[in-house]
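Notes to accompany the following structure.
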There are 2 protein chains.
Amino acid sequence: MKMVQILQTSTLFAGTTADEIASLLQCLEGRTDDYERDWAIIKEGDHTDELGIVLTGRVHITRHDFWGNRSLVADVAVGESFAEALACTALPSEVSVVTAERSTILFLNVHKIVASCQKCCLYHHTLIENMVRLLSQKNLELMKKIDHLTKRSTRDKLLSYLNSESRRQQNRTFTIPFDRQQLADYLCVERSAMSTELSRMQADGLVEYRRREFTLHHEEF
Amino acid sequence: MKMVQILQTSTLFAGTTADEIASLLQCLEGRTDDYERDWAIIKEGDHTDELGIVLTGRVHITRHDFWGNRSLVADVAVGESFAEALACTALPSEVSVVTAERSTILFLNVHKIVASCQKCCLYHHTLIENMVRLLSQKNLELMKKIDHLTKRSTRDKLLSYLNSESRRQQNRTFTIPFDRQQLADYLCVERSAMSTELSRMQADGLVEYRRREFTLHHEEF
DNA sequence: TACCCTGTGTTGGAAAAACAACATATATAC
DNA sequence: GTATATATGTTGTTTTTCCAACACAGGGTA
């Protein structure tokens with residue numbers, strides 16, 4: 001798929017035509033870069049003024065504590081973006097951004113997005129409004145993640161996550177972007193305990209699964 | 001303290017003079033409202049186009065699951081704001097906003113903030129940039145909260161929270177805005193287990209506390 | 001002063017999660 | 001196809017959290 005087509009599905013460029021996007025990209029001086037799998041695009045402590053939009057592949061937002069425990073904060077798929085908030089502040093990053101597959105990323109300087117731009121393009125104001133919408137959306141997504149973590153038991157965390165994923169993909173049968181270890185890191189539970197709980201849930205008829213493909217049987221939440 | 005002085009400390013009006021704020025408030029058609037303690041300003045399921053800025057008092061962002069378990073998402077003090085992201089989307093709220101004390105709130109319509117405004121005020125662009133900064137800041141705060149919840153043990157959650165609060169108040173001795181039950185709801189643990197863990201931490205010399213006043217003894221993280 | 005109310009700390013038993021070690025299945029490379 | 005590496009599931013033990021019930025302290029009030 002061509003870059004412009006992907007961008008039209010993104011929140012940042014929502015409601016703009018292909019021509020307008022082309023014009024905006026020039027104005028914003030965007031750049032693209034390719035990465036192998038497991039490459040750290042941003043490391044903890046880094047700073048950047050650019051947000052990233054995934055054109056191909058997939059990236060994960062991760063964190064490590066002092067004892068080396070990994071936690072997986074978020075999954076970013078094609079057309080989605082990362083580091084918007086980081087790029088809008090002067091602070092160092094508290095998270096890493098790592099490719100989960102070989103990926104192509106478009107980088108855009110947020111200051112060029114937000115700054116008023118008299119000369120170049122008429123569509124710039126749409127872009128600023130989209131930037132506000134994008135940040136709001138991320139905000140609500142983080143809320144949703146907090147919602148999963150708020151659940152006290154492993155089962156409730158799993159149900160909360162699986163239901164939100166089912167709703168997002170608008171299907172009771174869906175594929176998750178994580179393997180078991182990554183899912184455990186995402187929900188902040190222990191992998192083997194989580195596997196055990198998944199088995200119990202399947203035995204209880206709540207869910208069926210095979211590898212990354214899940215089918216929810218009861219509508220919960 | 002006068003409203004304009006409080007607003008000058010807020011992220012949204014950062015870098016604007018008192019006169020500019022007065023002009024902007026007219027342009028934005030802001031309104032204020034007073035609330036008794038424990039009043040629900042926003043209920044789960046509600047929608048609004050207005051963000052709120054706390055002028056006096058304090059509000060809490062809360063959530064309830066199906067079994068009635070309360071979770072306390074965030075504390076919002078004077079000069080801080082809430083519902084920015086909600087007001088930027090068309091979605092119903094997943095959280096409630098409840099006064100923790102008798103409070104006065106300034107409400108501002110986000111569309112009026114974000115919309116370009118040719119006629120009225122020159123400072124409007126600063127406002128839009130501040131809106132982006134505000135949303136980014138909220139974003140990073142949510143990240144910080146996720147960071148606390150990511151910790152597996154009650155002790156680590158407490159240390160993570162107490163350290164961040166200590167750093168925020170730039171003092172090893174500080175007062176938290178929660179009673180024990182609220183703190184437990186905020187960290188998503190059980191109150192009595194948390195009390196027990198606090199005792200152990202005090203016995204271990206990590207921390208001293210009396211009611212809401214804490215003193216950290218070791219710099220961790 | 002005596003009384004209540006609320007917040008906080010303590011305890012012991014029940015339940016759940018973490019941990020470690022291993023078994024099985026699947027994918028990949030040769 | 002076989003070998004190898006990786007992903008997933010299982011089991012038994014240890015540790016932690018949850019829960020319920022109660023004890024205690026301090027503040028406010030009659």
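Below, chain A is the first sequence line, B the second, and so on; all start at residue 1.
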Check the distance between [N]'s [atom2] and [X]'s [atom1] and give it to me in whole angstrom.
X: Arg210(A); N: dT8(D); atom1: CZ; atom2: P; answer: 11 Å
X: Leu187(B); N: dC18(D); atom1: CG; atom2: C1'; answer: 16 Å
X: Asp185(B); N: dC18(D); atom1: CG; atom2: P; answer: 12 Å
X: Glu190(B); N: dA17(C); atom1: CD; atom2: P; answer: 15 Å
X: Met194(A); N: dG9(D); atom1: CE; atom2: C1'; answer: 11 Å
X: Asp179(B); N: dG26(D); atom1: CG; atom2: P; answer: 18 Å
X: Arg180(B); N: dG9(C); atom1: CZ; atom2: C1'; answer: 10 Å
X: Gln181(B); N: dG7(C); atom1: CD; atom2: P; answer: 9 Å

- Query: If you measure from the Lys or Arg side-chain nitrogens to the Asp or Glu carboxylate oxygens, is any gap between Arg58(B) and Asp75(B) under 4.0 Å?
  - Reply: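 Here Arg58(B) pairs with Asp75(B) in a salt bridge, since their nearest N and O are under 4.0 Å apart.
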
- Task: May I ask you to say whether Arg200(B) pairs ionically with Glu197(B), meaning some side-chain N is under 4.0 Å from a carboxylate O?
- Result: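 Judged by the 4.0 Å cut-off on N to carboxylate O distance, Arg200(B) and Glu197(B) do form a salt bridge.
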
Base, sugar-phosphate, or nothing: which does [X] touch, judged by heavy atoms less than 4.0 Å apart?
X: Ser192(B); answer: base
X: Ser199(B); answer: sugar-phosphate
X: Ser153(A); answer: sugar-phosphate
X: Tyr209(A); answer: sugar-phosphate

- Task: Would you please classify the geometry between the Phe214(B) ring and the Phe174(B) ring as parallel, tilted or perpendicular, with 30° and 60° separating the classes?
- Result: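 Rings of Phe174(B) and Phe214(B): parallel, as their planes differ by under 30°.
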
Can you tell which of [options] lies closest to the side chain of [X]?
X: Arg211(A); options: dT8(C), dA7(D), dT10(D); value: dA7(D)
X: Ser195(A); options: dA18(C), dC18(D), dG9(D); value: dG9(D)
X: Thr196(B); options: dT17(D), dT11(C), dT8(C); value: dT11(C)

- Taking N and O atoms by type only, does the side chain of Arg191(A) place a donor or acceptor under 3.5 Å from a partner on the base of dG9(D)?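 Indeed there is one.
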
- Message: With a 3.5 Å cut-off and heavy atoms only, can you find an N or O donor on one side and an acceptor on the other between the side chain of Arg212(B) and the base of dG7(C)?
- Response: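 Side chain to base: no pair below 3.5 Å.
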
- Given DNA chain D, 5'-ward residue of the pair Arg152(A) and Phe178(A), judged by closest heavy atom: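 Checking each residue's closest nucleotide, the 5'-ward one belongs to Phe178(A).
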
- Derivation of the ring-ring contact (aromatic ring centres under 6.0 Å, His included) call for Tyr186(A) and His60(A): CA-CA 10 Å; Tyr186(A) 181 77; His60(A) 284 169; 9.0 Å; no

- Query: Would you say the side chain of Arg70(A) lies within less than 4.5 Å of the side chain of Arg63(A), judging by non-hydrogen atoms?
  - Reply: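 They are not in contact (no side-chain heavy atoms under 4.5 Å apart), so the answer is no.
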
